[in-house]
A.B. asks: 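Input: one structure, supplied below.
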Amino acid sequence: MLPADFANLGRDCVALEEAGVDRIQWDVMDGVFVPNLTFGPDVIAACRPLVDVPFEAHIMAERPEEMLPRYIEEAGCEMIILHPETLGQPHRVYQQVKQMGAKLGIALSPATPLTHVEHAIDLVDEIVLMTVNPGFGGQAYIASMEPKIRMTAEMIAASGREIDLEVDGGISAATIAGAAGAGANVFISGSALWKYDSFAEGVTDLRTRADAARGR
Ligand SMILES: O=C(CO)[C@@H](O)[C@H](O)COP(=O)(O)O
Ligand SMILES: [Co+2]
C-alpha cells in the first residue's frame with residue numbers, strides 16, 4: 001500500500017481486491033528503523049471492513065511487540081512480518097505472534113543473513129526476502145539477492161514445512177521471473193503494479209510471468 005493514494009486508502013483496497021490480489025501488504029514505517037513514516041494499526045483498521053482479502057502488516061518499526069494486539073485484533077492483520085533487528089528477544093516475539101493467532105513472517109533485509117531464520121524455522125509461516133533496502137517504494141530490484149532466494153528455498157524444502165517465500169521490493173514485469181525462477185512463490189509489487197493501466201491488468205500480467213517462470 002506504500003504507492004497508494006493516502007487520501008483514499010479504502011478506495012485503493014477495494015480496487016485491489018476487485019483486481020484479484022491474493023493479499024494486501026501494509027508497509028508500516030516509524031521513521032526510526034527506516035527513514036520514512038507511514039501508517040499504523042488505526043489506519044489499517046479503518047480499511048479492514050471494506051474488503052475480505054487478507055492483510056499483512058510489514059512492520060519496519062522499532063519495538064513492534066508493544067502494539068502487536070492492535071495489528072492483529074483491531075486491524076485484522078492475518079500475517080505479521082517482523083524484521084529481527086527491531087526485536088530485543090526475537091524468538092519470544094515470534095512466539096507471541098503465534099500465540100495471538102496470527103501468522104508469522106520474518107523479513108530479511110539484503111544484508112541480513114539467512115541464519116536469522118534458522119532458529120525459528122519451526123514457527124515461521126513466511127520468509128520475506130527484501131529485494132530492496134527497506135524504507136521506500138520505487139527502488140531498483142537487487143538481482144544479487146537471487147542466490148539468497150535459492151538458499152532460502154532449499155532451507156524451506158529441507159524443513160518439510162509449508163513456508164511461503166515472499167520477495168518484496170522492485171518486483172515488476174522485468175524482475176518477477178528472476179525471483180520466481182529462484183524459488184519465490186509470493187510477490188509483493190507496489191510501484192510497478194500502480195503503473196499498469198489497471199490493477200487487473202497488472203495482477204494478470206505479473207501472475208502470468210511468475211507462473212511461467214515457475215513452470216506452472
Ligand atoms: O517494504 C517495502 C519497502 O520498504 C516494499 O513493500 C515496497 O514498498 C515495495 O514497493 P516497490 O518496490 O514494489 O515499489
Ligand atoms: Co513491504
A.B. asks: Taking only Lys NZ, Arg NE, NH1 and NH2, and the carboxylate oxygens of Asp or Glu, determine whether Glu78 and Arg48 approach each other closer than 4.0 Å.
C.D. replies: yes
A.B. asks: Check whether any side-chain heavy atom of His83 lies under 4.5 Å from a side-chain heavy atom of Met130, and answer yes or no.
C.D. replies: yes
A.B. asks: Mind checking who shares a hydrophobic cluster with Met145, ILVMFWY linked at side-chain heavy-atom distances under 4.5 Å?
C.D. replies: Ile142
A.B. asks: Does a side-chain N-to-carboxylate-O contact under 4.0 Å join Asp205 and Arg209?
C.D. replies: yes
A.B. asks: Taking side chain as C-beta onward, heavy atoms only, is Leu82 less than 4.5 Å from Val93?
C.D. replies: yes
A.B. asks: Answer yes or no: is there a side-chain heavy-atom contact under 4.5 Å between Phe199 and Val21?
C.D. replies: no
A.B. asks: So which heavy atom on Tyr94 is nearest to which on Ala120, and how close?
C.D. replies: CD1-CB, 3.7 Å
A.B. asks: Would you indicate whether the side-chain heavy atoms of Pro54 and Asp22 approach each other to under 4.5 Å?
C.D. replies: no
A.B. asks: Under the salt bridge (charged side-chain N to carboxylate O under 4.0 Å, His left out) rule, what pairs show up with a residue in residues 121-148, not counting sequence neighbours?
C.D. replies: Arg23-Glu126, Lys98-Asp125
A.B. asks: Between Asp168 and Phe187, is there a side-chain heavy-atom distance shorter than 4.5 Å?
C.D. replies: no
A.B. asks: Which heavy atom in Val43 sits nearest to a heavy atom in Leu9, and how many Å separate them?
C.D. replies: CG1-CD1, 3.5 Å
A.B. asks: Within a strict 4.5 Å, meaning less than it, do heavy atoms of the Ile44 and Cys77 side chains meet?
C.D. replies: yes
A.B. asks: Is there a side-chain contact between Cys13 and Trp26, using heavy atoms and a 4.5 Å cut-off?
C.D. replies: yes
A.B. asks: For the residue pair His91 and His119, does the interplanar ring angle fall in the parallel (under 30°), tilted (30 to 60°) or perpendicular (over 60°) class?
C.D. replies: tilted
A.B. asks: Could you list the donor-acceptor pairs under 3.5 angstrom formed between side-chain atoms of residues 59-75 and any protein atom two or more places apart in sequence or on another chain?
C.D. replies:
from  : atom 1 : to    : atom 2 : distance (Å)
Arg63 : NE     : Glu66 : OE2    : 2.7
Arg70 : NH2    : Asp42 : OD1    : 3.0
Arg70 : NH2    : Asp42 : OD2    : 3.3

